[in-house]
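Each remark here refers to the structure printed beneath this line.
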Amino acid sequence: MTLSARETAWARIHLLARQPGAGSIRPLFDADPERFERFHRKACGILLDMSKTSIDSEILAALLELAQASQVTARRDAMAAGQIVNQTEQRAVLHMALRAPRSAGFRAALPEGGYEDASASVEETLERMRQFTRAIHTGDIRGATGETFTDVINIGIGGSDLGPFMASRALWTVRSPMRPLYLANADAHNWEAIRPRLNPHRTLMLVASKTFTTAETMANARVVRGWLERNLGEAGARRHMAALSTNHEATSAFGIMPDRVFGFHDWVGGRFSLWSAIGLSIALGCGWDEFSQLLAGARSMDEHFLTAPPEQNLPLLLALITAWHVNGLGLKAHAILPYDHRLSRFPAHLQQLEMESLGKRVTLAGEPVRHDTGPVIFGEPGTNAQHSFMQLLHQGTTPVPADFVLVANPNHPYADNHRLLLANGLAQAEALLRGRTEAEVTAEMRKAGTPPEEIARLLPHRLFPGDRPSTTLLLDRLDAYTLGQLVALYEHKVFCLGALWDIDAFDQWGVELGKQLAKSILPELEPAGRVGEHDPSTAGLIARIRDMQGNPN
Ligand SMILES: O=P(O)(O)OC[C@H]1O[C@](O)(CO)[C@@H](O)[C@@H]1O
């Protein structure tokens, strides 16, 4: 049987991963004092250090071969050309058009044939967003009682929340023009926690939903609209509402004035939408210049992704590292550890970006995948992570690859704190690599005067296996531009993994079943409802909830 180029490339990866010592990192440093120099790359101001992984020249060459055999470059070019790369939904994928000037000339293929001018509609929407933002900030647009808007509440979930929330958290300062707040959870405790901080006379409400049908978002939008109406009347409330959506019919049915609807297109996936109208809360909260810089930074990463050779291409390299860990070494979790508090929502954003994109079990052709796909993504900002889950990364039974994001220069004057932060980030990665040997632990305990029997008792608990992989991304500073670069880097990493695994990284059918079942359970929880057909566990739980709420079964 002849193997295809892809199969051959995969076979090579698996073979390399089975070599004795594969997965070991420390010997690679021992053998090559220049390893850091040879295994770090710098592009777009981001330094990517992959030397603390077990990838050596041979493995890197094999991974690059896999990328070539998987036609990552050709697929990338097809995406940039606006072809229908989201095959199951028959859509082009053009978030890159959102941050490109009109002269870039992005076009989106239409399923019925022909193309639409993506860049033209992006430019038009951006200009409307810019004017609206300016008018809100200058007070040309005011609330129903003539007061200026001080707060903007973005009501959305998933990609209509996580990206804008992450970016606002990173970019907002006390000097920013408005306070951006985010309401996502259908649990009204979320709204109850936000409401006391808001003055209805000064609050602008954005309903952010690509489809404008998402149950959680619509439930929250009705609650907040009701609050505005009670305080301002129906007509007054309308002056406080805007929508970010592709569904103009539904926004108008909800009562949002047509000139307050900022649209985008189905070639923008939810988790890639923070650059579109969905990012309006970033512009309003942090300022138009910041939003523009965010787009410009992402654009610079797009240009790098589209033009850099594979061996220098940061998104591709990040993807190949993950492929090595998941498929070569069988490591199925991945930690995101930003050592910058402004990036505290970054892991949450990447959770959706990576897991919704890459949590797939069939190929584009609908065949079962032959390789594992997306790992579990989780994370917290350092140093908080160290005091919660890092124990498992250091001494748990399975290595968990981690991305450390370090920022050399802070945007605050507390140099001591920043040194402490960086020292911890560097130390965690070093500890994962280096580990701690029996000789080291024994010597340290002896020095501390620990009796021999106590040393023997504690020794196994105090050993660190080391040789655990991590990748470091080092930024000079974090600002809107570099944030744009960082987020776009991960977006393109996801694209590359989708191509390597031959899956559709742009659909999300896996979220549908739960939504459908929730619809059928909903009436069963009403006071006069009845428990329907379910598995015994679900039926039992519904019955108990009805009991606890004092409703008959
Ligand atoms: O913007 P919408 O249409 O409300 O969707 C919100 C989110 O829901 C999802 O469809 C998943 O349920 C995400 O892909 C999306 O980001």
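Bear in mind the structure is a predicted one, so any value in this text is a computation, not a measurement. Counting starts at 1 for both ligands and their atoms, following the listed order.
- When only modelled atom types and interatomic distance are considered, Trp501 and Asn327 share a side-chain donor-acceptor pair under 3.5 Å.
- No side-chain donor-acceptor contact under 3.5 Å links Gln485 and His304.
- For atom 10 (O) of ligand 1, the closest non-hydrogen atom of the protein is Lys515 NZ, 3.8 Å.
- Side-chain contact, Asp479 with Thr482: a donor N or O sits under 3.5 Å from an acceptor N or O.
- Closest to atom 13 (C) of ligand 1 among all protein heavy atoms lies Glu356 OE1, 3.4 Å.
- Where the criterion is an N or O separation shorter than 3.5 Å, residue side chain and backbone included, Thr211 meets it with respect to ligand 1.
- Each of the atoms 1 (O), 2 (P) of ligand 1 lies under 4.0 Å from some heavy atom of Ser160.
- Residue-ligand proximity, Thr214 to ligand 1, at heavy-atom distances under 4.0 Å covers atoms 2 (P), 3 (O), 4 (O), 5 (O).
- Thr322 and Lys493 are linked by a side-chain donor-acceptor pair at a separation below 3.5 angstrom, with hydrogens and angles left out of the test.
- Interface of Ile157 with ligand 1, defined as ligand atoms under 4.0 Å from a residue heavy atom, comprises 6 (C), 7 (C).
- Listed by atom number, the atoms of ligand 1 under 4.0 Å from Gly159 heavy atoms are 15 (C), 16 (O).
- For Ala97 against Val122, the heavy-atom pair with the smallest separation is O-CG1, 3.6 Å.
- Relative ring orientation between Phe149 and His240 is described as perpendicular, the plane-to-plane angle rising above 60° on a 0-90° scale split at 30° and 60°.
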